[in-house]
Amino acid sequence: MVRIITCLYKTFQVSLQPMEKRVRVRFAPSPTGGLHMGGVRTALFNYLFAKKHGGDFILRIEDTDQTRFVPGAEEYIVNALKWCGIAPNEGVGFGDGPHAPYRQSERKETGIYKKYADKLIESGHAYYAFDTAEELEEVRKRMEAAKVTSWQYNAVTRQTLRNSLTLPDDEVKRLLDGGEKHVIRLKVPRNEEIRFHDIIRGWVVVNSSQVDDKVLLKSDGMPTYHLAHIVDDIEMQISHAVRGEEWLPSAPAHILIYRYLGLESEMPKLAHLPLILNPDGNGKISKREARFPVFPLSWQDPRESTPYIGYRESGYYPEAFVNILALLGWNPGNNQEIMSLDEMAALFEFERVNKSGAKFDPEKAKWFNQQYLRKRSDDELAEEFKQILKQRNHSRKDEFLVEFCKLVKEKVQFVKEFWDHGSYFFEEPKLQVEAVIAKKWNPQSKELMKELQTVLETLDSWNTEAIHAAFDALVKEKGKIDMQLLRVLLTGAAGGPHLFDMLALLGKEEILKRFATALKKL
RNA sequence: GCUCUGUUCUUCUAAAUGGCCAGGAAACUGCACUUUCACUGCAAAAAUACGGGUUCGAUUCCCGUACAGAGUACCA
């Protein structure tokens, strides 16, 4: 009877977990390069979830692979999260906290991972393996030649390899004492059904025959991800492990580790996020081929010569960037698309995260930025545009810039585009004989323009209404004046803001000067 | 190859535990407003991968096929 109850309990353990556990989530990247948008989204979902439940959001650096360490990557990650406005409240770069250190390489020094690995050895759920990486490589090659497609170190094959399960005890002891290089592997049962629940995907069942005897502790003494993240999640009292879909296949191994450690009841709930896919073609986003930014901030890989441009440098607002990311795989259930972090957090839940991967649409991303740009006041935009103007060695009075932004605002998606759409407000227009002029320029229109010039010259007050009135009066007297021709003459552009507004802003002196040069040139 | 996970308009997606003409957004097209471009408004077009079941009824449940993604390391 007790057995049955225990068995039932084990089966439903996950769902019987107390719900009151404080929400503590972590983002745990490895510093192997710049953090790309997929990683940022994982961080974002963690952040939103923590925020919604008033929990903690932790940044842990998983730097257990010394060979892949990239200088600057960690700092980049910290800066990226800050720029996005989703700063963790605990962890590397964010003031640490009660569970310091938060870098696995430093945590390793405390012996914590070894302790857990030894525990598994003691309970008979892990063993020492002395096969070198080269030897195993050799085996794999041989098996491949023999048409065995995926050879694994597992319940069957470990019986023919050099490990503490096949070697005599005294031999094992001798090797260990002699400092022989070895790893510690998880002893995965041969044929056992492993069930686990994912908040996003529901129940997943995998047979243990599909999971290999994962290395837990490497020969250099470092833990692998599999061991390290579990130890840390337990030690840091993580309530929900939120990570990318690429971890789903190894989740069964993780369940086993928790189970063998006797920690299944303390195991964090799992949520595997869908991937962000490339807009054209298939597959995940590749930083090399993408025709849109992949990184939040520009990233210069020390191993490569050309930097990758970031969203920030492309002119995206962090609010827009984060908003785009949030809606890739999640939606609030209503039709709202533009949301602040606070609004998103209030609405966020994993149950509303999609199971399938989402293709990223760069065009819609721009639209998002445009929405946020429009929310800015003309004053704010002027302030932002001032920087860009400065780079071009121009400056204007604030009042001019505010008015300029007001006129051009509706045409742009990015602040930097103010320049593209209105450079002629700051520089002399380039008067090329383009199609418009070629078609419309003749002695008659030239005469009209001259007349207009004279009329404007005598104008006392210079504002939209006065210019408009003067213009109308002239049209009444002399006939129709081609607005587009006039525009091209004065700006060099075929389109733009309302003509009279533009004249008013540019000022009488400047307009008359432009009339003069245009008439002289043509 | 094997394992796992997916599959609603071109794209992101909605439609609590099966039930009104499958909804919204981006893009595209048209119209209106602008003596321009844009903005805005309106309109149009556009989907349940395929084949079987279960059911009075399936986007929703089950099976198969196809396609896609991920994993298959002493990497994370």
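Chain naming here is simple, since letters A, B, ... match the order of the sequence lines and numbering starts at 1 in each.
- Summarising the geometry, the separation between CG on A/Leu347 and P on B/rU13 is reported as 17 Å, rounded to the nearest angstrom.
- Between A/Arg201 and B/rG6, a side-chain N or O to OP1/OP2 separation shorter than 4.0 Å is absent.
- At the heavy-atom level, A/Ala133 lies under 4.0 Å from base atoms of the strands shown.
- Sequence order on RNA chain B of the closest nucleotides to A/Glu410 and A/Thr132 puts A/Glu410 first from the 5' end.
- Distance CG (A/Asp361) to P (B/rU13): 11 Å, rounded to an integer number of Å.
- For B/rA25, the base has a donor-acceptor partner in the side chain of A/Lys364 [N/O atoms by modelled type, under 3.5 angstrom].
- In this structure, A/Asn331 reaches the B/rA14 phosphate: one of its side-chain N or O atoms is under 4.0 Å from OP1 or OP2.
- Dense packing is recorded around CD of A/Glu106, with more than 12 heavy atoms of other residues, nucleotides or ligands lying under 6.0 Å away.
- In this structure, A/Glu245 places its CD atom 11 Å from C1' of B/rA68, rounding to the nearest Å.
- Rounded to a whole angstrom, the distance from the P atom of B/rG41 to that of B/rC50 is 35 Å.
- A/Phe292 and A/Phe360 have tilted rings, their planes meeting at an angle from 30° to 60° on a 0 to 90° scale.
- Look at A/Arg185 and you'll find a side-chain N or O under 4.0 angstrom from OP1 or OP2 of B/rC74.
- The pair A/Arg288-A/Glu304 meets the salt-bridge criterion, since a charged nitrogen lies less than 4.0 angstrom from a carboxylate oxygen.
- Of the side-chain N and O atoms in A/Lys411, none sit less than 4.0 angstrom from OP1 or OP2 of B/rU34.
- With hydrogens and angles ignored, a donor-acceptor pair closer than 3.5 Å exists between the side chain of A/Thr149 and the base of B/rG1.
- For A/Phe321 and A/Tyr316, the ring centers are positioned 6.0 Å apart or more.
- Look at the C1' atom in both B/rU8 and B/rA49: the space between them is 10 Å, to the nearest Å.
- Nearer to the 5' terminus of RNA chain B, by closest-nucleotide assignment, is the contact made by A/Met483 (compared with the other of A/Arg374 and A/Met483).
- Atom name P, nucleotides B/rG57 and B/rG19: the rounded distance is 14 Å, in whole Å.
- Listed pair A/Asn354 / B/rA14 meets the phosphate criterion, a side-chain N or O lying under 4.0 Å from OP1 or OP2.
- One interatomic measurement links the two molecules: NE2 of A/His421 to C1' of B/rC39, which rounds to 12 Å at whole-angstrom precision.
- A/Thr224 has no side-chain polar atom (N or O) that falls below the 4.0 Å cut-off from OP1 or OP2 of B/rA73.
- Taking atom CD1 of A/Ile338 as the reference point, atom C1' of B/rA26 lies 11 Å away to the nearest angstrom.
- Comparing B/rA76, B/rG69, B/rU3 by their closest approach to the side chain of A/Thr64 singles out B/rA76.
- Looking at A/Ser250, its side chain has no donor and acceptor atom pair within 3.5 Å of the base of B/rG71.
- We find that NZ of A/Lys181 is positioned 10 Å from C1' of B/rC74, with the value rounded to whole Å.
- Cation-pi contact between A/Arg376 and A/Tyr317: present, with separation from the ring centre below 6.0 Å and deviation from the ring axis of at most 45°.
- Annotation: cation-pi geometry not satisfied between A/Arg185 and A/Tyr128 (NZ/CZ under 6.0 angstrom from ring centroid, within 45° of ring axis).
- Note: CG (A/Leu373) to P (B/rA38) measures 18 Å, nearest angstrom.
- The nearest whole Å value for the distance from the CG atom in A/Asn335 to the P atom in B/rC12 is 17 Å.
- Atom P of B/rA16 sits at a distance of 15 Å from the matching atom of B/rU7, rounded to the whole Å.
- Within the structure, every side-chain polar atom (N or O) of A/Lys284 is placed at least 4.0 Å from both OP1 and OP2 of B/rA68.
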